[in-house]
Amino acid sequence: MIDNESELPKAYDAKQNEKKWYDYWLANGYFTPKIDKSKKPFVLIQPPPNITGDLHLGHALTATLEDIMVRYHRMLGEPTLWLPGTDHAGIAAQVVVERALAKEGKTRQEIGREAFMKRMWEWVGNCRSHIANQHTRLGVSYDNTRAAFTLDPGPSLAVRTTFKHLYDKGLIYKGERITNWCPRCTTALSDLEVDHMDEKGKLWYIRYPFADDPSKFITVATTRPETILGDTGVAVNPEDERYKDVIGKELILPLVGRRIPIVADDVVGIDFGTGAVKTTPAHDPNDFEIGQRHNLPIINIFDEHACINENGGAYKGLSREDARIKIVKDLEDQGYLTKIEDHVHAVGHCQRCRTTIEPQVSSQWFVKIQPLAEPAIEAVKSGEITIVPERFTKVYLNWMENIRDWCISRQLWWGHRIPVWYCDDCKHMTCSIETPTECEACHSTHIHQDDDVLDTWFSSGLWPHSTLGWPNKTEDFEYFYPTSVMETAYDILFFWVARMIMMGIENTGKVPFHHVYLHGLIRDEKGEKMSKTKGNVIDPLVVINEYGADALRFSVISGITPGNDSKLGKTKIEAGRNFANKLYNAVRFVLRYTDENSTTAIDSSKLTLEDKWILSRLNKTTREMNQMLQDFQFGEAVRCIHDFIWGEICDWYIEIAKVRLNSNDANSPLPVLLTVIEQSLRLLHPIMPFITEELWQSIKKAANLTDTPSSVMITEYPQWNEAWDYSEDEEKMDTLTEIVRVLRNVRSEYDVDINKVIGATIYCGDLASTFTHYSKAVSVLAKADVSFEEKRNEETPGQAIVEVLPNAEIIIPMAKLFDLEAQLAKLNKELTEAVNEQARLEKHLKDESFLSRAPKQVIDKEQARLDAVLEKQEKLRDHIKSLEK
RNA sequence: GGGCGGUUAGCUCAGUUGGUUAGAGCACCUGCUUUACACGCAGGGGGUCAUAGGUUCGAGUCCUAUACCGCCCACCA
């Protein structure tokens with residue numbers, strides 16, 4: 001805390017007290033909500049970061065946005081719960097540990113399941129504490145006493161309960177289907193976990209001879225010649241004239257010799273390739289469908305690593321890539337290959353390891369999802385759940401309405417084991433929440449659990465209720481569920497948000513949250529996605545160490561809008577640091593004038609023009625801040641408070657206040673100054689918690705605020721105060737600042753020596769009596785010796801600069817003014833502009849359609865402009881006449 | 001093949017129910033070691049709001065096309 005201004009460094013040192021304040025908040029239990037059933041809580045469940053390593057800037061953005069909401073609602077007096085957690089992250093985490101093992105020259109298979117799990121848990125321990133530490137540095141005010149991990153007993157029970165429930169309901173089933181297989185991860189994946197990318201490939205044209213007449217043949221076109229080993233048919237469109245006569249005939253599969261039928265299927269396009277498609281049901285989703293419809297055999301030709309298996313005969317053991325080369329060569333040598341074309345097509349890649357996906361038929365578990373999707377669609381359509389920004393509603397609905405069954409089994413070790421046991425004797429499947437000891441059908445004790453684990457997103461989908469205690473009816477679940485806001489990145493709308501809505505409604509009968517706020521991705525200064533391989537990642541901790549957490553928080557949210565990506569570079573971070581420094585110095589300045597009698601108590605009868613102005617501006621800023629924070633407009637909110645503190649408090653109020661402070665005026669500006677700063681610190685606190693706490697504590701002490709709470713984070717968030725609405729005084733003040741600007745401008749434009757005081761007479765009607773009190777202030781602000789008069793009762797001196805403002809005329813005599821012509825030219829130009837403006841306004845105000853349709857206030861505004869422009873003309877003419885003499 | 005977003009000052013971006021004179025930060029130019037702050041102060045230049053139409057008294061804001069950039073979804077071998 002700042003005790004003595006004179007001892008303080010000129011630059012704010014962000015690092016110094018961040019930890020101290022975080023520990024202070026934690027020690028006082030401010031982050032843990034008190035359940036008060038008479039109040040509606042504000043609840044936000046943190047999207048659990050993956051335990052895959054360091055947090056990146058995306059996490060910093062997430063944490064900042066959420067902390068802003070949480071701190072804001074807490075200050076509104078709502079019991080506020082922000083529940084943190086971490087995700088075991090299935091494949092992603094397993095890959096990380098496997099890589100570490102690989103460095104030791106080991107594989108998970110070599111060390112075995114048990115030892116591998118031990119390694120995983122060790123990793124979890126380190127990673128979780130690291131992530132928590134990083135969050136702490138950011139200033140997150142989450143309730144760590146409720147921190148959850150997806151593999152914890154609570155969430156695990158929720159997973160088993162949900163599985164059993166859906167299994168019993170027939171919504172979870174096991175089946176032989178074609179799924180996306182990653183040969184590196186050796187597991188099935190859901191459709192969402194496959195990224196499709198266009199790749200330059202080739203289209204090979206291959207002849208398939210007829211069985212009854214090998215001199216004739218059908219030519220097929222394929223992007224994957226190696227799958228010929230698994231072909232069990234050739235499909236053509238039933239409407240294709242070229243092939244109508246051969247449907248039902250058999251072909252001899254080149255290199256293999258198998259007889260395969262020609263079948264007719266509508267999905268085959270007549271225009272593409274040759275119109276004849278080699279059909280490999282085991283390795284192509286389309287072909288699988290065709291195969292199902294025509295009872296084609298499924299011949300799997302790849303092992304789990306996508307190498308040719310025993311079904312590939314001579315090619316056994318070759319990788320996909322090698323097999324392709326060899327098969328193409330053999331086809332060519334044997335005269336089957338007729339043509340090769342370049343061809344660009346989409347190829348699926350494993351989201352985690354980028355390996356090309358191999359579609360494979362295998363036995364997997366699926367969720368029959370459509371019945372779950374229906375209420376989830378309705379929840380959004382009805383507005384029970386709103387999505388910000390709104391455009392994602394359409395994206396959500398479109399996906400949900402075309403949803404396909406979800407493959408939930410993974411051939412991994414790391415994750416929730418599928419709660420199904422197989423009887424070794426009667427083969428019966430027992431699905432159970434509790435681990436069974438015997439087969440539920442034949443009571444044999446020879447049972448073994450399914451080897452597979454669940455898709456990591458299965459447990460994520462339960463997160464809002466599983467973290468609050470469900471399936472148990474805990475006090476937390478009863479009070480905090482459904483939650484208020486789900487804040488996350490738009491790229492996991494389907495992965496996570498959609499599934500939470502479906503699972504939440506299915507399990508609890510209630511939506512899991514009422515608002516979804518989607519933020520964009522943070523890119524580097526060039527707009528590129530940050531990635532370790534590109535080396536363009538910015539580590540939040542590095543930024544915090546150099547610039548402070550507040551500067552980082554400021555930088556990640558300034559200028560952002562919901563759902564839009566943003567770029568982050570050094571300049572933005574510096575802007576945040578500079579703002580913190582500015583605020584720090586403003587407070588440092590104020591503190592030098594405080595003493596044991598200092599107070600924020602304002603005597604409204606003593607308020608000066610600038611006092612009323614700044615209070616009125618504070619009041620409007622307060623209203624705006626509340627509005628923007630409610631409306632999720634965080635980028636606008638930070639701009640708003642930044643501009644108020646810097647552009648109004650620092651640039652004007654403090655500068656003007658200096659006059660009274662330095663002259664020991666009996667009517668001190670200090671109570672207003674302290675009030676405005678104290679309130680501003682509250683307004684800013686959700687965004688920049690550390691510096692505001694630091695400075696607020698200093699103000700609290702200096703202003704003897706003994707009755708206020710022990711931390712700014714538990715003060716009330718400021719609200720609109722009718723008593724501080726001084727709109728008229730704001731206008732007067734605007735005229736005064738405009739006068740100062742004109743004087744400064746003249747000084748600068750006419751190269752007035754820095755030390756020379758210029759003189760000026762200002763005619764400003766009724767305002768003169770008020771403004772006269774500001775002669776001193778103006779002289780300080782603009783180095784000008786001014787006198788304010790009501791009316792101009794003398795002619796403009798021959799050599800003077802004249803400025804005509806709406807409510808004031810400024811006359812600056814220039815003894816050495818050498819260019820009267822230029823001055824006249826300037827005034828004449830202004831006059832011409834004013835005349836043009838008059839014409840425009842008069843025309844507008846005569847327009848019947850405008851008068852009849854525009855709202856009154858718009859018309860009044862135009863009329864006022866016309867009046868002003870006429871008045872300005874008159875004054876300008878008068879001045880020009882005087883000068884011309 | 002559908003869908004979405006972007007196109008505003010040199011750069012990065014705001015601009016939420018349409019209101020006539022479009023803002024900020026950074027960069028740039030000029031002048032300031034003025035006892036809160038050079039992480040600063042004062043002043044200044046810079047935009048026909050991508051293009052073409054339309055609706056409207058009034059369009060950066062609404063509608064329709066077009067162009068370029070980016071993203072998402074989709075089983076065309």
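Every chain is numbered from 1, with letters handed out A, B, ... down the list of sequences. The structure displayed is predicted, hence computed values, not measured ones.
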Are any of [X]'s side-chain N or O atoms less than 4.0 Å away from OP1 or OP2 of [N]?
X        : N     : result
A/Lys567 : B/C13 : yes
A/Arg744 : B/G43 : yes
A/Arg592 : B/A36 : yes
A/Asn745 : B/G44 : yes
A/Ser748 : B/A42 : no

Check: Does the side chain of A/Thr179 reach to within under 4.5 Å of the side chain of A/Leu189, using non-hydrogen atoms?
Finding: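 No; the side chains remain at least 4.5 Å from each other.
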
Check: Nearest of B/C76, B/A14, B/G3 to any side-chain atom of A/Lys394?
Finding: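 Looking only at heavy atoms from C-beta outward on A/Lys394, the closest nucleotide is B/G3.
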
Checklist line | Selected nucleotide, minimal atom distance to A/Ser849 side chain, candidates B/C57, B/A77, B/A42 | finding: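 Nearest listed nucleotide: B/C57.
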
Encode [range] as B, S and - characters from 5' to 3', where the letter depends on protein heavy atoms closer than 4.0 Å: B to the base, S only to sugar-phosphate, - to neither.
range                        : value
nucleotides 17-24 of chain B : --BBS---
nucleotides 68-75 of chain B : -----S-B
nucleotides 60-65 of chain B : ------

Margin query: Under 3.5 Å for both pairing distances: what stems, at least three Watson-Crick or G-U pairs long, include RNA chain B?
Written below: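 So far as stems of 3 or more pairs are concerned, RNA chain B shows B:1-7 with B:67-73, B:10-13 with B:23-26, B:28-32 with B:40-44, B:50-54 with B:62-66.
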
Notebook entry, point to check: Which part of the nucleic acid does A/Ser558 contact within heavy-atom distance under 4.0 Å: base, sugar-phosphate only, or nothing?
Noted result: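 No contact at all - A/Ser558 keeps every heavy atom at 4.0 Å or more from the nucleic acid.
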
Next item on the list: Please list, chain by chain and in numerical order, all residues satisfying side-chain contact (heavy atoms from CB on, under 4.5 Å) with A/Asn402, sequence neighbours excluded.
Entry: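 Checked A/Asn402 against side-chain contact (heavy atoms from CB on, under 4.5 Å); matches are A/Asn398.
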
Can you check the distance between [N] and [M], where both ends of the measurement are the [atom1] atom (answer in whole Å)?
N     : M     : atom1 : answer
B/C29 : B/U48 : C1'   : 25 Å
B/U12 : B/G6  : C1'   : 14 Å
B/A24 : B/G47 : C1'   : 14 Å
B/C26 : B/C71 : P     : 31 Å
B/C32 : B/C69 : P     : 48 Å
B/A36 : B/G15 : C1'   : 33 Å

Would you mind reading off the distance between [X] atom [atom1] and [N] atom [atom2], rounded to a whole angstrom?
X        : N     : atom1 : atom2 : result
A/Ile754 : B/U34 : CD1   : P     : 10 Å
A/Asp651 : B/C37 : CG    : P     : 15 Å
A/Lys339 : B/A77 : NZ    : C1'   : 14 Å

Checklist line | Partners meeting ring-ring contact (aromatic ring centres under 6.0 Å, His included) with A/His642 (sequence neighbours left out) | finding: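 Per chain and number, A/His642 pairs via ring-ring contact (aromatic ring centres under 6.0 Å, His included) with A/Phe554, A/Phe579, A/Trp646.
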
Notebook entry, point to check: Sequence neighbours excluded, which residues qualify as ring-ring contact (aromatic ring centres under 6.0 Å, His included) partners of A/Tyr517?
Noted result: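 Per chain and number, A/Tyr517 pairs via ring-ring contact (aromatic ring centres under 6.0 Å, His included) with A/Phe632, A/Phe634.
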
Checklist line | Test side-chain contact (heavy atoms from CB on, under 4.5 Å) applied to A/Arg324 and A/Val328, step by step | finding: CA-CA 6 Å; A/Arg324 174 177 297 179; A/Val328 167; 4.2 Å; yes

Next item on the list: Flag the pair A/Glu803 and A/Arg741 as a salt bridge only when some basic side-chain nitrogen lies within less than 4.0 angstrom of an acidic carboxylate oxygen.
Entry: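 Salt bridge absent between A/Glu803 and A/Arg741.
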
Notebook entry, point to check: Would you call the rings of A/Tyr490 and A/Phe392 parallel, tilted or perpendicular if under 30° counts as parallel and over 60° as perpendicular?
Noted result: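 Correct class here is parallel.
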
Item checked: Pairwise salt bridge (Lys or Arg N to Asp or Glu O under 4.0 Å) hits with a residue in residues 852-861 of chain A, at least two apart ->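 Residue pairs with at least one partner in residues 852-861 of chain A: A/Lys856-A/Asp860.
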
Next item on the list: Name all pairs fulfilling the salt bridge (Lys or Arg N to Asp or Glu O under 4.0 Å) condition that reach into residues 261-283 of chain A, sequence neighbours left out, sorted by first residue then second.
Entry: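 Only A/Asp231-A/Lys278, A/Asp265-A/Arg293 qualify under salt bridge (Lys or Arg N to Asp or Glu O under 4.0 Å).
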
Look for any protein N or O under 3.5 Å of an N or O in nucleotides 26-28 of chain B and output each such pair with its distance, or none.
none

Note to self: Can you confirm if the NZ or CZ of A/Lys658 lies within 45° of the ring axis of A/Phe589 and under 6.0 Å from the centre of its six-membered ring?
What the structure shows: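 Satisfied, under 6.0 Å and within 45°.
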
Note to self: Between B/C37 and A/Lys582, counting only base atoms on the nucleotide and side-chain atoms on the residue, is there a donor-acceptor pair under 3.5 Å?
What the structure shows: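 Yes, a donor-acceptor pair under 3.5 Å.
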
Next item on the list: Please name all residues satisfying salt bridge (charged side-chain N to carboxylate O under 4.0 Å, His left out) with A/Glu842, sequence neighbours left out, ordered by chain then number.
Entry: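 Not a single residue meets the salt bridge (charged side-chain N to carboxylate O under 4.0 Å, His left out) criterion with A/Glu842.
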
Note to self: Can you list everything that forms a salt bridge (charged side-chain N to carboxylate O under 4.0 Å, His left out) with A/Asp643? Sequence neighbours excluded, please.
What the structure shows: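 Only A/Arg639 meet the salt bridge (charged side-chain N to carboxylate O under 4.0 Å, His left out) criterion with A/Asp643.
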
Item checked: Test log, rule side-chain contact (heavy atoms from CB on, under 4.5 Å), inputs A/Lys572 and A/Lys567 -> CA-CA 9 Å; A/Lys572 256 191 180 180; A/Lys567 293 176 193 171; over 6 Å; no

Margin query: Under a plain distance cut-off of 3.5 Å, with no hydrogens placed, do A/Glu574 and A/Asn578 share a side-chain donor-acceptor pair?
Written below: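 No donor-acceptor contact under 3.5 Å links the two side chains.
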
